Structures are given as structure tokens and as C-alpha cells.
Amino acid sequence: MSARIKVANPNRCIGCYSCMLACSRVNAKTASLIDSAIDIRTSGGIESGLEIIVCRSCIDPPCARACPTGALTPRNGGGVILDKDLCDSCMTCASACLPRAIHFDKAGMPVICTHCGVCARFCSHDVLELRKTEVL
Amino acid sequence: MWSNVLYIDLDTGEHKVKDRADLFDKYLGGTGVATQLLLEECPPGTDPFSPKAPIIFSIGPLNTIFPCVSKTVSMFKSPMTGELGESHAGGRLSMAMRFAGYDSIVIKGRAEKPCYLSIHDDEVQIKDATSIWNVSSVEVIGKILREVEPGKGRRSIMRIGGAGVKMVRYANVNVDTYRHFGRLGLGAVFGSKNLKAIVISGTEDVEIPEIAPYSKMYNKLYDAVVDTEVMDKYHDLGTAANINVLNQLKGLPTRNLKQSGFENAENISGEYFADNLLLRKIACSNCPIGCIHIAMLKTTFQKGHEFEVNHISYDYELIYSLGTNLGINLAEDVLRLIDRCERYGLDIMSTGGVLAWATESYERDLITPTDTLGIALRFGDTNNYLKMIDKIVEMPNKFYQTLAKGTVAAAAEYGGEDFAVNLGGLEIAGYHTGPASIVGQMVGVRHSHLDNGGYSIDQKAASQQLTGEQMVDKLIYEDYWRMINNSLVACLFARGVYGEQTIIDALASVGIKKTRDELETLGREIFLAKYEFKKQQGFDVDKIKVPGRFYETISQLGMIKEETIREMLELYKKKTGI
């Protein structure tokens with residue numbers, strides 16, 4: 001729990017989705033876009049550039065504050081940890097996240113970034129970096 | 001495991017999904033399955049523009065789940081050749097089909113009014129496209145549909161422009177702005193069905209039987225693609241690197257193949273484009289290469305620093321076809337011509353071939369200013385070529401109606417067959433490398449340089465002194481194995497990564513066990529199934545005329561003799577049994 005994903009060079013993204021597929025492959029054991037905690041999407045077609053949506057690793061995460069059941073708790077070093085047993089899929093966390101970094105999988109669970117760095121490992125253009133964070 | 005076929009009938013407006021494990025288990029997917037669907041759905045003698053003629057799309061078992069397995073194959077009856085139409089496109093389509101849960105899509109019938117298909121997971125709708133039917137620009141169609149359709153961010157949008165609507169026989173289908181189903185006239189078939197566009201998106205998962213072997217294989221392939229030199233060519237200069245190389249080797253068709261080298265090649269080379277015009281590179285889904293090269297063309301249209309800016313994708317074949325083959329000296333002019341064809345959704349390789357034939361015919365007075373409606377045709381004259389492209393789509397008189405049917409049809413009407421540079425009815429790819437290129441495009445199932453890479457075999461022959469028979473053997477090897485690559489629908493740029501053993505291992509990692517012998521046999525079987533379709537539709541390889549021009553212009557391997565071509569063709573027929 002001492003690292004976070006950083007969008008280091010957003011304009012270098014080529015839209016290959018390798019990061020998203022890596023995230024779902026490693027964390028959800030599927031080949032999927034919807035199971036990925038990172039979200040790459042075009043805005044206005046492939047000719048208009050790409051949006052790179054990641055968990056911003058808030059130190060005081062509004063998603064955790066908004067969660068009515070205590071399923072999300074702040075993670076040491078930034079971001080949140082999900083306890084699936086406590087989540088009732090109310091989606092309040094998603095509304096609280098301005099960068100829209102929280103979305104829901106087919107089972108209705110929020111897909112939460114663990115800042116494991118596998119997306120950066122599979123980014124061939126150094127868009128993403130895994131950076132060390134200060135642990136309190 | 002993955003075997004859903006979505007059938008859509010534009011006559012009745014109905015659709016259904018069938019599990020065709022019978023086809024996918026045997027033929028893997030992609031071109032293997034699409035060939036069988038074509039044999040099922042397109043009886044002998046079907047008119048390419050008949051409602052009964054099918055449009056088929058297919059992906060394979062590895063699409064989206066392995067790097068560079070990023071293409072979709074389309075099959076149809078080609079209005080250009082009257083036989084097998086097969087075209088491959090990248091972009092996001094294979095990913096969208098996979099996550100929507102469809103491994104193949106079969107479209108038949110003709111909508112009563114202009115329509116487009118809206119496919120989002122299980123939601124399949126045929127929607128009214130009357131208000132966009134006459135919007136000519138494929139870029140604008142994309143912009144309009146993005147506003148009204150769901151799936152924002154990762155959907156795929158196929159659409160036809162003015163050329164497809166007017167059924168120019170070499171109209172293409174634009175996929176996600178910068179990729180295409182090109183060459184054999186799929187855009188015209190869309191037009192014949194009153195089908196303007198298809199939007200597709202999906203949110204399904206692909207369940208992997210065992211994650212550990214799959215992940216291990218994925219990592220190996222990803223590292224091979226990204227960290228070795230195998231793919232360097234494609235992510236640096238891109239295929240445009242070929243301009244200077246082929247020019248030096250005397251293999252670059254120039255001015256309607258009157259020459260095989262271009263004195264101003266440096267000005268329109270891949271190096272020039274990359275250094276001066278390249279804006280950025282982008283990728284097909286799940287391809288970390290990013291070989292799609294986008295140039296920025298900035299044009300002054302008024303005093304006071306008023307600029308029009310266009311973003312235009314370029315590749316080797318486009319620069320050859322609208323550049324060297326038309327004698328165009330400036331890269332910016334090549335981009336203007338590419339942009340004009342792109343807007344209408346015209347296949348660029350065929351358009352360049354048609355314009356090159358027309359220019360030489362004009363030089364020889366086979367066609368007159370009356371035919372061209374006053375447009376003087378001269379090699380190197382970009383502005384007049386731009387006017388010609390407009391007229392090919394508008395078709396204001398018999399001459400332009402004929403040009404809209406392709407080089408062979410035009411030469412049949414106006415003469416000049418000997419310099420109507422085509423093989424099997426299709427304007428050629430940008431290689432005058434030697435006999436393997438010619439024979440390869442004649443016998444190739446879709447008359448493409450990508451069927452068997454004949455140009456590359458010629459280049460090997462230059463250094464290894466290959467005999468005609470050895471070249472034929474290499475053509476056949478490629479013909480069969482590319483059936484496998486194309487059944488996975490892997491990008492052929494990545495064929496250096498996806499060799500025999502890698503394909504076997506990648507399939508095994510997701511639970512599909514195939515031996516080398518089984519795959520080679522399957523490759524041959526798929527190849528022969530395509531020939532069965534071709535023959536059903538009247539194809540006869542012996543009826544292909546090789547225009548005299550091929551024997552008059554020096555190639556990379558020197559002058560090509562008619563006798564060599566005939567001998568290699570006979571050997572090919574004997575060894576393949578076609």
C-alpha cells in the first residue's frame with residue numbers, strides 16, 4: 001500500500017486498451033473492459049483524442065465518505081479499500097467521484113483500483129506510471 | 001466456446017442468434033467460418049447487389065484477448081470481380097463484436113428505406129437513416145451517429161459515404177474513421193441494401209478457461225510485440241517506409257506502371273511524411289503497436305492566417321496509388337487526394353489505378369475532353385485529379401459511370417487493356433517486384449498482395465536465387481498458413497510474432513488444442529473452400545489476362561517473361577489442385 005497510479009503522459013495514449021485488459025485479466029481473471037478499474041475512452045471518436053480515467057488516490061476520499069455502509073474505507077497512502085460483504089450496490093460512491101473513476105461490474109459491485117500497477121506494466125507508451133506514495 | 005452468429009434480415013426487420021459451434025469448432029473463426037457462411041448463404045449466380053447476397057462479418061477465438069489479434073473479416077460477393085469478396089479491417093470492430101457477444105454477423109435482404117443498424121449487446125435495432133443517406137462524408141456520418149447512439153467511448157461505427165450510396169463498385173466501408181473494409185466493393189454492397197451504417201458496442205466479459213496459462217502466454221506475446229525488433233517497421237515510419245526501399249529496388253509502380261521507380265520519391269517518402277507531416281499514431285483495439293499514422297494537413301484558404309486543418313491517415317499503398325502512380329510530386333498533394341477519396345469512402349488503391357489508366361488513355365486519345373467533361377488529365381496534376389474524383393462519385397455521364405465500375409470495365413469500353421493495370425479484375429497493390437507478386441495476386445483468393453505475400457517472395461528470390469518452383473512452394477505455404485492467421489483474424493503485420501508454434505501455443509492457452517498438422521490441413525481446407533465458392537461463381541484462373549504492361553516495365557527481378565508466369569501458374573494449379 002505504498003504506491004499509486006499516475007497519468008504521467010496523457011497525450012501519448014494510442015487507445016490500445018492494453019492497460020484495461022491487463023487490469024481485468026490480473027484482478028478479475030477475465031478478458032473484459034467492464035471489469036477494469038482503469039477506464040480509457042474516446043471523446044468524439046478516435047479522431048478527437050482519449051480520456052484516461054483512473055482513481056486519483058485521494059488522501060481524504062469522498063467516495064469513502066459518501067459510502068453509507070462502510071464498504072469503502074480510506075487506504076493508507078491514498079485511495080480506498082472495498083469490503084464487498086458490506087457493499088449494497090447503491091452507487092453513491094460513483095456519484096461522489098468527480099473524475100468518474102468508479103463504475104460497476106455485471107454483479108453490481110464497484111470496480112476499485114488497488115494501485116497494483118499492472119496497467120502501467122502493459123502501457124507501451126509510458127502514459128501510466130506507478131509512483132511511490134508516502135505512507136502515514 | 002465462442003460461436004454466436006447474429007442473423008439480420010433487412011427485408012423483414014427480424015433478427016436471431018444461432019449457436020454455430022458446428023462451424024467454429026471446425027474452422028476456428030474469422031475467414032474459416034465466414035467462408036462456410038458464404039457458401040451457405042450465397043448460391044451460385046447471386047447478383048452482388050441482389051437482396052439475397054449476404055454481408056458477413058466474423059472474428060475468431062483470440063480476437064481482443066491477445067495483442068494484435070485485432071481485425072475483423074468481411075465476406076460478400078464482390079461487385080468488382082463477381083466472385084469472392086473478402087476484406088479485413090482493424091479499428092475497434094473486433095473488440096466491439098466480441099464484447100457484444102457476436103462472433104459472426106450475417107446480414108441479408110434490402111431495407112425498404114435507408115437504414116442503419118444499432119447493435120448494443122442484446123439490443124439489435126434497424127433504424128431509419130433517411131436523413132443521413134445523402135450525407136456524403138464518412139467523417140460527418142460518424143459525428144452524427146456518435147451523438148444519437150449509446151456505447152460512447154469504445155463502440156465501433158462502420159459507415160459508407162457518397163461512393164457507397166452511389167454504388168461505385170470500389171466503394172469501401174469506413175470503420176472508426178481511419179480504418180476500412182477496402183478493395184472489393186463492400187461499400188457498394190452496403191449501398192445496394194440501403195444500409196448506411198452499423199454501430200456496435202458491448203459490455204460482456206470473455207471468460208478464460210484457465211487464467212494462469214493464458215496470462216503467461218499473453219505476457220510472452222506482449223513482450224514480443226513491444227520489446228523486440230519484430231514490429232519496429234510498423235510503429236516507426238509505418239508501411240510508408242516502403243516508398244524509398246521499393247524505389248531503390250525498382251519495384252515501385254509509377255505513372256500507371258510505365259516506370260518502376262519515381263524520380264521524386266524522396267518528396268513523398270515515409271521519411272518525409274514522418275519528419276514533416278506526422279501528427280500522431282493511434283492503435284487498433286488491443287494492439288500496443290499503434291501503426292495508424294495520422295498526418296496533419298494545414299491549408300491556407302484566405303489571407304489573415306486562415307487555415308483549414310485536416311487529419312488524414314496514410315500508409316504505403318495510398319502513397320503509391322495516389323502518389324507515384326499518378327506522378328504526384330508533393331506529399332501535401334498526396335494527402336489532399338487521400339482526403340478526397342476518404343471523404344467519399346472510395347477504395348484508394350482502386351481509385352488510383354482507375355485515374356492512372358484514364359490519364360494514359362487521355363495521353364493516347366482513347367478518351368477525349370468530351371468524355372472527361374473538359375478535365376485535362378496529366379500525370380502530376382493534383383487539381384484535375386481532385387475534380388475527377390468528384391466526378392467518379394457524381395457520375396454525370398457515361399464515361400464517369402464507366403470509371404465507377406473500375407479499370408477493367410473502363411478498358412473494355414474505351415480500349416487500353418494492355419495498360420489497364422489489374423490482376424483478376426482488381427487494381428494492383430504497389431509492388432512490381434517480380435513473378436511471385438504477379439502470380440500471387442492472380443491466384444490469391446481475394447487477388448490481394450496479402451493473400452500470400454508474393455512481393456516478399458520476390459524480394460527473397462533476389463538474394464537467394466529461388467527457382468520458379470521454389471517461389472510457387474512459398475506462395476502455397478503462405479496461402480495456407482495465412483488462412484489460419486486470418487481465421488484468428490490476427491493483423492498480418494504481426495505475422496512475424498504469430499508463427500506456427502505461437503499460434504498453437506496461444507490457442508492451447510485458452511483451451512483449443514490443435515497440432516501443427518491439423519492447422520496446416522485446415523488452412524488448405526479453408527483455401528479450397530474459398531476456391532469452391534469462387535468456381536461456383538464462375539471464376540477461372542486461366543481466364544485472367546495479365547496486361548502487357550507487366551512485361552514491358554523492368555521489375556526488381558529484371559524483365560518478367562510471360563513464359564515464367566505461365567509456368568509458375570501451371571505449377572501452382574498442379575500443386576494446389578485448384
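Keep in mind that this is a model prediction, so the values were computed, not measured.
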Visitor: Strictly distance-based, threshold 3.5 Å: is any side-chain N or O of A/Arg41 a donor or acceptor partner for the main-chain N or O of B/Lys152?
Guide: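 Side chain of A/Arg41 to backbone of B/Lys152, a donor-acceptor pair under 3.5 Å: yes, one is there.
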Visitor: For A/Ile46, is it the side chain, the backbone, both, or neither that has a heavy atom closer than 4.5 Å to a heavy atom of chain B?
Guide: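 Its backbone and side chain both get close to chain B.
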Visitor: Among A/Ala22, A/Ser24, A/Gly44, which has the most heavy-atom pairs under 4.5 Å with chain B?
Guide: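 Max contact count across the listed options: A/Gly44.
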Visitor: Please state whether the side chain, the backbone, both or neither of B/Arg98 comes within less than 4.5 Å of a heavy atom of chain A.
Guide: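 For B/Arg98, no heavy atom lies under 4.5 Å from chain A.
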Visitor: Any side-chain to backbone donor/acceptor pair from A/Thr30 onto B/Glu207? Under 3.5 Å, distance only.
Guide: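 No.
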Visitor: Does the side chain of A/Ser18 reach to within under 4.5 Å of the side chain of B/Asn286, using non-hydrogen atoms?
Guide: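 Side chain of A/Ser18 against side chain of B/Asn286, heavy atoms only: contact under 4.5 Å found.
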Visitor: Side chain, backbone, both or neither: which part of B/Ile211 has an atom under 4.5 Å from a heavy atom of chain A?
Guide: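 Side chain only.
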Visitor: Are the side chains of B/Thr203 and A/Leu33 in contact, using a 4.5 Å heavy-atom criterion?
Guide: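 Contact flag for A/Leu33/B/Thr203 side chains = no.
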Visitor: May I ask you to name which of B/Glu139, B/His235, B/Glu204 has the most heavy-atom pairs under 4.5 Å with chain A?
Guide: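 Highest number of heavy-atom pairs under 4.5 Å: B/Glu204.
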Visitor: Determine which residues belonging to residues 91-120 of chain A lie within contact range of chain B, meaning some heavy atom pair is under 4.5 Å apart, and list them by number or answer 'none'.
Guide: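 Listed by number: A/Lys106.
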Visitor: Select one option (side chain, backbone, both, neither) describing which atoms of B/Arg155 are under 4.5 Å from chain A's heavy atoms.
Guide: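 When you check distances to chain A, no heavy atom of B/Arg155 falls under 4.5 Å.
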Visitor: So does A/Phe122 get a backbone contact from the side chain of B/Tyr222, meaning a donor-acceptor N/O pair under 3.5 Å?
Guide: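 Indeed, once roles are kept as given, a pair shorter than 3.5 Å links the two residues.
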Visitor: Counting only heavy atoms closer than 4.5 Å, note whether A/Arg12 contacts chain B via side chain, backbone, both or neither.
Guide: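 Answer is neither: A/Arg12 stays 4.5 Å or more from chain B.
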Visitor: Look at A/Gly45, A/Gly15, A/Ala28 and state which one has the largest set of heavy-atom pairs under 4.5 Å with chain B.
Guide: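 Looking at each option in turn, the highest pair count goes to A/Gly45.
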Visitor: Which one of A/Asn11, A/Leu50, A/Thr42 has the most heavy-atom pairs closer than 4.5 Å to chain B?
Guide: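 Of the options given, most contacts go to A/Thr42.
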Visitor: Checking A/Cys123 against chain B: side chain, backbone, both or neither under 4.5 Å from a heavy atom?
Guide: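 The backbone, not the side chain.
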Visitor: Please examine the side chains of B/Ile208 and A/Arg25, heavy atoms only from C-beta on, and report whether any two atoms are closer than 4.5 Å.
Guide: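 Counting from C-beta outward, A/Arg25 and B/Ile208 never come under 4.5 Å.
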Visitor: Taking atom types as modelled, find out whether A/Tyr17 and B/Arg92 have a side-chain donor-acceptor pair closer than 3.5 angstrom.
Guide: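 Yes, side-chain donor-acceptor contact under 3.5 Å.
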Visitor: Are B/Arg154 and A/Asp39 packed together at the side-chain level, in the sense that at least one heavy-atom pair is separated by less than 4.5 angstrom?
Guide: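 They are in contact (side-chain heavy atoms under 4.5 Å apart), so the answer is yes.
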Visitor: B/Glu147 versus chain A, heavy atoms under 4.5 Å apart: side chain, backbone, both or neither?
Guide: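 Neither part; nothing is under 4.5 Å.
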Visitor: If I measure from the heavy atoms of chain B, does A/Ser48 come under 4.5 Å with its side chain, its backbone, both, or neither?
Guide: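 Interface part for A/Ser48: backbone (N, CA, C, O).
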Visitor: Pick one of side chain, backbone, both or neither for B/Ile157, based on which atoms fall under 4.5 Å of a heavy atom in chain A.
Guide: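 When you check distances to chain A, no heavy atom of B/Ile157 falls under 4.5 Å.
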Visitor: Under 4.5 Å heavy-atom distance to chain A, tell me which part of B/Asp223 shows up: side chain, backbone, both or neither.
Guide: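 Only the side chain of B/Asp223 comes within 4.5 Å of chain A.
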Visitor: Might you point out which heavy atoms bring B/Pro288 and A/Ser124 nearest each other, and give the distance in Å?
Guide: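 Looking at all heavy atoms of both residues, the closest pair is O-OG, 3.1 Å.
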Visitor: CD1 of B/Ile65 to CG of A/Leu21: how many Å apart, nearest 0.5 Å?
Guide: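 The CD1 atom of B/Ile65 sits 10.0 Å away from the CG atom of A/Leu21.
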Visitor: Would you call B/Asp205-A/Lys29 a salt bridge at under 4.0 Å N-O?
Guide: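 The answer is no: the pair does not qualify as a salt bridge.
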Visitor: For a quick test of reading the model, state the closest non-hydrogen atom pair linking B/Cys287 to A/Ile14 and the distance between them.
Guide: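 Distance-wise, the nearest heavy atoms are O-CD1, 4.1 Å.
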Visitor: Other residues, nucleotides and ligands only: do more than 12 of their heavy atoms fall within 6.0 Å of CG on B/Asp505?
Guide: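 Counting other residues, nucleotides and ligands, CG of B/Asp505 exceeds 12 neighbours.
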